[in-house]
**Q** 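I have a structure I would like to understand better, so I am pasting it below and will then ask my questions one at a time.
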Amino acid sequence: MLSRVTTAAAKPVSTWAPLRSRVYRALWIAQLVSNLGTWMQMVGAQWVLVDGPNAAALVSFVQTATTLPVMILAIPSGVLADLLDRRRLLLGAQTTMAVLAITLAVTTAAGHTTPSVLLTLLFLLGCGQAVVGPAWQAIQPELVPRDQIPSAAALGSMNMNIGRAVGPAIAGVLVAVSGPALVFALNAVSFAAIVAALLFWRRPRVAKDLPSERPLAALQAGSRFIKSAPAIRRVLLRTALFVAPASALWALLPVIARNQLGLGSSGYGLMLGALGVGAVLGALGLARVRALLSPTQQVAVAAVVFGIACGGTALLRVEALVLLLLVFAGASWLLTLSTMNATMQLLLPGWVRARGLSVYLLVFMAGQAIGSVVWGLAAGAYGAVTALLAAAVLLGVCAVSTIWLPLRQFTPGFDLTPHAYWPEPQLVVEPDPDDGPVLVLKDYDVPADKVPEFLAAMSFVGRSRQRTGAMEWRVYRDVGSTDRYVEAFVVRSWSEHMQQHKVRLTAQDLTRERAVSEFAHDETLTHLVSVEPRP
């Protein structure tokens with residue numbers, strides 16, 4: 001049974017607390033305008049294609065053209081967001097998307113927007129969104145204090161859901177009145193709002209003593225970090241376990257609206273609106289939920305509620321009851337995703353934050369995309385009701401699995417502040433940045449009765465080494481000495497080892513090393529740089 005967790009000393013942080021920051025508030029409002037524009041563009045694009053030949057296939061390609069780039073480019077975009085100045089990257093991407101949106105508006109007004117032109121421009125806009133996603137998520141900890149990150153994640157999810165609920169309704173009216181060109185033009189203006197907000201933000205410059213990482217090396221370093229961070233992998237797994245079955249409701253809602261409830265397009269819009277309202281209400285009550293439940297419990301409760309909503313939507317024939325369930329589903333959706341997003345941001349140090357968030361974004365998008373296809377096929381074979389009931393069962397399994405697969409519980413001492421605590425290498429010869437691999441050795445004197453304690457602590461040190469750059473890590477026992485143990489790890493290059501020394505280590509890594517510091521022979525590390533033998 002899940003235990004109830006309360007912290008009397010911790011005062012709940014209001015969901016609205018991040019909006020007290022002028023920069024965050026400006027960016028959040030600009031993002032809301034942009035989300036409205038994006039969903040308005042979706043409706044306008046579908047309207048352009050709906051009366052043409054092969055309309056059914058082309059309309060479905062609109063969603064593919066906008067989401068496929070995110071799945072393809074999320075990981076490379078995360079690398080770029082960690083290597084480049086994130087504000088400048090966002091400015092460049094948003095400006096480019098504004099130009100593309102203007103081009104779409106002009107060609108549509110002139111009557112030159114063929115299906116191929118439209119889908120190409122939408123694909124390019126999707127590429128821009130793929131570049132923006134990891135960088136936008138990664139700047140949140142720079143804008144608000146650490147204790148406000150869960151609230152910022154909730155506001156971001158609420159922002160997206162408001163755009164999803166309100167944008168199509170506005171676009172429907174505007175397209176009916178003046179055609180899709182106006183909707184495309186307004187989307188261009190929405191990108192301009194983001195650019196203005198980013199120009200308003202004066203991001204502090206960070207002095208760099210080391211050259212930037214190379215893209216391929218940075219990609220490999222991000223992969224090693226996630227591979228050696230069980231808490232991060234747990235968040236990704238929990239995200240997939242929720243999103244994959246939950247995507248059934250989003251995918252099959254049009255079928256339920258038409259076949260089960262006999263509703264038209266306006267009724268379907270009302271159902272989407274109920275999900276959006278639920279997300280807003282969920283954000284409003286999030287502070288109270290966080291005060292009562294741990295992150296793991298939040299995920300479990302949200303999965304149960306969303307599963308009930310899936311089952312009820314499949315079985316009920318009363319529109320009002322279905323709408324009520326969808327409100328609860330929207331709140332559960334926001335609760336889960338904001339919890340996952342906030343946990344990722346709290347677990348990721350600054351040097352790899354965008355790379356980690358890009359993987360989270362990929363898991364989320366792939367879960368929705370693949371899940372929608374699977375549930376669509378299941379509905380075609382067995383019916384929408386059966387598919388939704390199966391999804392409800394899987395969401396129940398997702399909730400129960402939190403007993404064995406909980407999320408990380410944060411303690412007051414959990415600190416990812418950069419902390420360059422290793423002593424500077426004592427060098428006679430200065431290696432070139434590209435020299436390597438580099439073998440690092442450290443000696444420990446461990447009494448026989450302390451060996452189990454030492455090895456247990458070293459397992460955590462090993463993860464720290466691998467998260468921060470070690471390709472290989474081992475502890476060796478010197479069989480020629482009674483109590484001597486040697487730690488050995490290999491780093492790809494001297495440049496990456498310097499990144500490890502001066503950028504990647506955190507106060508949390510120092511905490512891990514203090515557990516074995518009493519056994520250290522001295523504070524000197526031996527550095528061996530690989531050389532090629534000559535015949």
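Side chains are part of it too, since the values below use all heavy atoms of this structure and drop only hydrogens, waters and symmetry mates. The model shown is predicted, which means the values in this text are computed figures rather than measured ones.
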**Q** Tell me the closest heavy-atom pair linking Pro215 and Val79, and the distance in Å.
**A** O-CG1, 3.8 Å
**Q** Taking Asn187 for its side chain and Thr38 for its backbone only, find out whether a donor-acceptor pair lies under 3.5 Å.
**A** yes
**Q** Would you check if Ile72 and Leu68 make a side-chain contact, meaning some heavy-atom pair closer than 4.5 Å?
**A** yes
**Q** For Val374, enumerate each residue passing the side chain to side chain contact (heavy atoms under 4.5 Å, CB included) test, keeping only those at least two apart in sequence or located in another chain.
**A** Ile370
**Q** Which pair of non-hydrogen atoms, one from Ala246 and one from Trp250, has the smallest distance, and what is that distance?
**A** O-CD1, 3.7 Å
**Q** So, for Ser190 and Val33, which heavy atoms are closest and what is the spacing to 0.1 Å?
**A** CB-O, 3.4 Å
**Q** Parallel, tilted or perpendicular, judged at 30° and 60°: which one describes the rings of Trp333 and Phe364?
**A** tilted
**Q** Quick test of your reading of the model: are Arg224 and Glu496 salt-bridged, counting only N-O distances below 4.0 Å?
**A** yes
**Q** Would one find more than 12 heavy atoms of other residues, nucleotides or ligands at under 6.0 Å from atom CE of Met42?
**A** yes
**Q** Between Pro254 and Ala251, what is the shortest heavy-atom contact and its length?
**A** CD-O, 3.6 Å
**Q** Within the structure provided, determine whether Leu395 and Val304 are in side-chain contact (heavy-atom separation under 4.5 Å).
**A** no
**Q** Looking at Lys227, is its backbone amide N or carbonyl O close enough to the side chain of Arg233 to form a donor-acceptor pair, meaning the two atoms are under 3.5 Å apart?
**A** yes
**Q** Given the side-chain rings of Phe328 and Phe306, with only the six-membered ring counted for Trp, is the space between their centroids under 6.0 Å?
**A** no
**Q** So, Thr114 side chain and Val117 main chain: donor-acceptor pair closer than 3.5 Å or not?
**A** yes
**Q** Distance-only, no hydrogens or angles: does the Ser34 side chain make a donor-acceptor pair with backbone N or O of Gln31 under 3.5 Å?
**A** no
**Q** Quick one: which residue pairs count as a ring-ring contact (aromatic ring centres under 6.0 Å, His included) with a foot in residues 221-240, not counting sequence neighbours?
**A** Phe225-Trp351
**Q** Step by step, work out the side chain to side chain contact (heavy atoms under 4.5 Å, CB included) result for Tyr360 and Gln137.
**A** CA-CA 11 Å; Tyr360 167 77; Gln137 294 291 330; over 6 Å; no
**Q** If we only count heavy atoms from C-beta on, is the Val132 to Met97 side-chain gap below 4.5 Å?
**A** yes
**Q** Within the distance-only criterion (no hydrogens, no angle test), does the side chain of Thr107 pair as donor or acceptor with the backbone N or O of Leu104 below 3.5 angstrom?
**A** yes
**Q** Do you know which two heavy atoms are closest between Pro245 and Ala391, and how far apart they sit?
**A** O-CB, 3.5 Å
**Q** For the pair Arg203 and Asp85, find out whether any cationic side-chain nitrogen is under 4.0 Å from an anionic carboxylate oxygen.
**A** yes
**Q** Using a strict 4.0 Å threshold on nitrogen-to-oxygen distance, state whether Arg467 and Asp509 make a salt bridge.
**A** yes
**Q** Taking it one step at a time, do Trp201 and Leu143 satisfy side chain to side chain contact (heavy atoms under 4.5 Å, CB included)?
**A** CA-CA 10 Å; Trp201 177 30; Leu143 304 176; 3.8 Å; yes
**Q** Just how far is it from atom CD1 of Ile256 to atom SG of Cys310, taken to the nearest 0.5 Å?
**A** 10.0 Å
**Q** Treating Ser157 as the side-chain partner and Ala153 as the backbone partner, does any N or O pair qualify as donor plus acceptor under 3.5 Å?
**A** yes
**Q** Out of curiosity, Thr343 OG1 to Ile232 CD1, how far, rounded to the nearest 0.5 Å?
**A** 9.0 Å
**Q** For the residue pair Ala197 and Ala26, what are the closest heavy atoms and their distance?
**A** CB-O, 3.8 Å
**Q** Does either side chain, that of Arg238 or that of Ser401, offer a donor lying less than 3.5 Å from an acceptor on the other one?
**A** yes
**Q** Taking Ala470's backbone N and O only, do any of them form a donor-acceptor pair with Arg465's side chain (distance below 3.5 Å, no angle check)?
**A** no
**Q** With distance as the sole test, does Thr113 use its side chain to make a donor-acceptor pair with the main-chain N or O of Thr108 at under 3.5 Å?
**A** yes
**Q** Should we say atom CZ of Arg234 is surrounded by more than 12 heavy atoms from elsewhere, each under 6.0 Å from it?
**A** yes
**Q** Any non-hydrogen side-chain atom of Val235 less than 4.5 Å from a side-chain atom of Leu347?
**A** yes
**Q** When you look at Gln368 and Ser247, which way does the side-chain hydrogen bond (donor to acceptor under 3.5 Å, both in side chains) test go after all the steps?
**A** CA-CA 5 Å; Gln368 274 201 298; Ser247 64; over 6 Å; no
**Q** For the residue pair Leu389 and Leu315, establish whether any side-chain heavy-atom pair is separated by less than 4.5 Å.
**A** yes
**Q** A side-chain contact here means heavy atoms from C-beta on lying under 4.5 Å apart; do Leu326 and Val277 qualify?
**A** no
**Q** Does Gln298 reach the main-chain N or O of Leu293 with its side chain, forming a donor-acceptor pair under 3.5 Å?
**A** yes
**Q** How long is the span from the CD1 atom in Ile170 to the CG atom in Leu186, to the nearest 0.5 Å?
**A** 9.5 Å
**Q** Looking at Glu142 and Arg87, does any basic side-chain N land under 4.0 Å from a carboxylate oxygen?
**A** no
**Q** So, taking the atom named CG in Asn341 and the one named CG in Leu357, what distance separates them when rounded to the nearest 0.5 Å?
**A** 6.5 Å
**Q** Using side chain to side chain contact (heavy atoms under 4.5 Å, CB included), reason through Arg290 and Val13 one step at a time and then give a plain yes or no.
**A** CA-CA 9 Å; Arg290 289 203 306 268; Val13 177; 4.1 Å; yes
**Q** Is the backbone of Ala283 close enough, under 3.5 Å, to the side chain of Thr15 for a donor and an acceptor to pair up by distance?
**A** yes
**Q** Yes or no on side chain to side chain contact (heavy atoms under 4.5 Å, CB included) for Leu125 and Thr66, after CA distance, side-chain angles and deciding distance?
**A** CA-CA 7 Å; Leu125 284 163; Thr66 54; over 6 Å; no
**Q** I'd like to know if Glu213 pairs up with Arg355 as an ion pair, taking the criterion as any Lys NZ or Arg NE/NH1/NH2 lying under 4.0 Å from an Asp or Glu carboxylate oxygen.
**A** yes
